[in-house]
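To keep things clear, I will list the structure first and then write my remarks on it.
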Amino acid sequence: MPFELKQTVPWGRTLAEYKSLFSLTESDLDKRIISFGDGPASFNKEMTAQNKQVVSIDPIYRFSASDLRQRIAETKDVVLKQTRNNLDNFVWTKIRNIDELERTRLSAMNDFLEDFENGRKSGRYINHELPNQTVFEDQSFDLALSSHFLILYAQLGFEFHRASITEMLRVAREIRIFPILDLDAQKPALLHELIHHFEKDFLVHIEKVDYEFQKGGNEMLILKQK
Ligand SMILES: C[S@@+](CC[C@H](N)C(=O)[O-])C[C@H]1O[C@@H](n2cnc3c(N)ncnc32)[C@H](O)[C@@H]1O
């Protein structure tokens with residue numbers, strides 16, 4: 001089935017959020033990073049502005065900046081309304097209220113949109129859908145990230161996750177996935193199946209992080225080459 005823009009609800013986070021949700025240290029930021037399901041996050045733009053190396057991967061990068069801008073305008077009120085209807089499911093400390101959430105997300109997505117066409121030309125934004133194999137050679141990156149994509153979309157199933165994580169571990173020495181809750185804020189059964197599957201050949205552990213917006217969502221999954 002073709003990937004259609006009208007099926008997507010673009011929503012993007014900032015470098016500051018990525019730093020806390022993946023516990024990225026200054027030395028992590030200097031690594032060669034590939035970030036899957038990056039969507040309209042401003043992570044790549046902000047990192048590039050600091051001369052850091054990030055390649056972002058997402059099927060929405062097949063669309064133009066103006067199509068994405070329009071889709072963001074069409075969907076943002078729906079996302080904010082859903083959040084407003086479920087205020088108790090979130091922790092309002094760093095982001096203090098819905099207005100601040102709207103400002104933070106729109107500012108991140110505008111930063112992304114300004115950077116997108118240039119970044120796509122220079123190969124920083126790549127249109128690609130996991131679990132398909134990427135063009136990169138084995139171990140081309142130090143760190144592969146997935147923010148609010150794998151495990152959160154547990155409905156994609158074990159096989160999708162197994163194949164996607166296998167591809168991420170082929171191209172990177174270490175991967176970090178945040179959060180490890182699904183859309184119902186539960187740890188899905190597939191989390192334990194994935195840990196069980198990968199711990200035979202990789203170092204796998206769960207680590208607490210200094211970020212919690214979805215209630216209970218303050219842990220990341222780390223997988224490393226042995
Ligand atoms: C909730 S957004 C997260 C965006 C960003 N990582 C952040 O945390 O702000 C999930 C992203 O996963 C992307 N995605 C969905 N299916 C994908 C796939 N098969 N391969 C790679 N990315 C995918 C979506 O297009 C979307 O941009």
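Read the numbers this way: they start at 1 and go in the same order the structure lists the ligands and their atoms.
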Under a 4.0 Å heavy-atom limit, does [X] contact ligand 1 with its side chain, its backbone, both, or neither?
| X | result |
| --- | --- |
| Trp11 | backbone |
| Phe43 | neither |
| Phe160 | side chain |

Establish, from distance only, whether the side-chain atoms of [X] and [Y] form a donor-acceptor pair under 3.5 Å.
| X | Y | value |
| --- | --- | --- |
| Glu46 | Thr14 | no |
| Ser122 | Asn118 | no |
| His205 | Glu207 | yes |
| Ser35 | Asp38 | yes |

Which ligand 1 atoms are under 4.0 Å away from a heavy-atom of [X]?
| X | value |
| --- | --- |
| Gly12 | 9 (O) |
| Ile60 | 25 (O) |
| Gly39 | 27 (O) |
| Glu129 | 18 (C), 19 (N), 20 (N) |
| Pro59 | 17 (C), 20 (N), 21 (C), 22 (N), 23 (C) |

Examine [X] against ligand 1 and note whether any of their N/O atoms are separated by less than 3.5 Å.
| X | result |
| --- | --- |
| Arg13 | yes |
| Pro131 | no |
| Gly37 | yes |
| Asp58 | yes |

What residue and atom, counting heavy atoms only, is the protein's closest point to [atom], and at what distance?
| atom | value |
| --- | --- |
| atom 8 (O) of ligand 1 | Ser147 OG, 2.5 Å |
| atom 16 (N) of ligand 1 | Phe149 CE1, 3.6 Å |
| atom 20 (N) of ligand 1 | Leu130 N, 2.9 Å |

For [Y], is there an ion pair with [X] - N to carboxylate O distance below 4.0 angstrom?
| X | Y | result |
| --- | --- | --- |
| Arg69 | Glu114 | no |
| Arg176 | Asp28 | yes |
| Arg124 | Asp115 | yes |

- Task: Please examine the side chains of Ile177 and Ile165, heavy atoms only from C-beta on, and report whether any two atoms are closer than 4.5 Å.
- Result: yes
- May I ask you to decide if the ring planes of Phe136 and Phe141 are parallel, tilted or perpendicular, using 30° and 60° as cut-offs? perpendicular
- Query: Which of these, Arg105, Glu17, His148, Glu167, has its nearest heavy atom closest to atom 3 (C) of ligand 1?
  - Reply: His148
- Going by heavy-atom distance to atom 1 (C) of ligand 1, choose the closest among Tyr153, Tyr61, Phe36, Tyr18. Tyr153
Anything under 3.5 Å between a donor and an acceptor, one on a side chain of residues 86-95, the other on a protein residue two or more places apart or in another chain? List them.
| unit_1 | atom_1 | unit_2 | atom_2 | d |
| --- | --- | --- | --- | --- |
| Asn86 | ND2 | Gln82 | O | 2.7 |
| Trp92 | NE1 | Leu87 | O | 3.0 |
| Lys94 | NZ | Asp210 | O | 2.9 |

Identify all side-chain donor-acceptor contacts of residues 219-226 below 3.5 Å with residues at least two apart in sequence or on another chain.
| unit_1 | atom_1 | unit_2 | atom_2 | d |
| --- | --- | --- | --- | --- |
| Glu219 | OE1 | Lys187 | NZ | 3.0 |
| Gln225 | NE2 | Leu169 | O | 2.7 |
| Gln225 | NE2 | Ala172 | O | 3.1 |
| Lys226 | NZ | Lys200 | O | 3.1 |

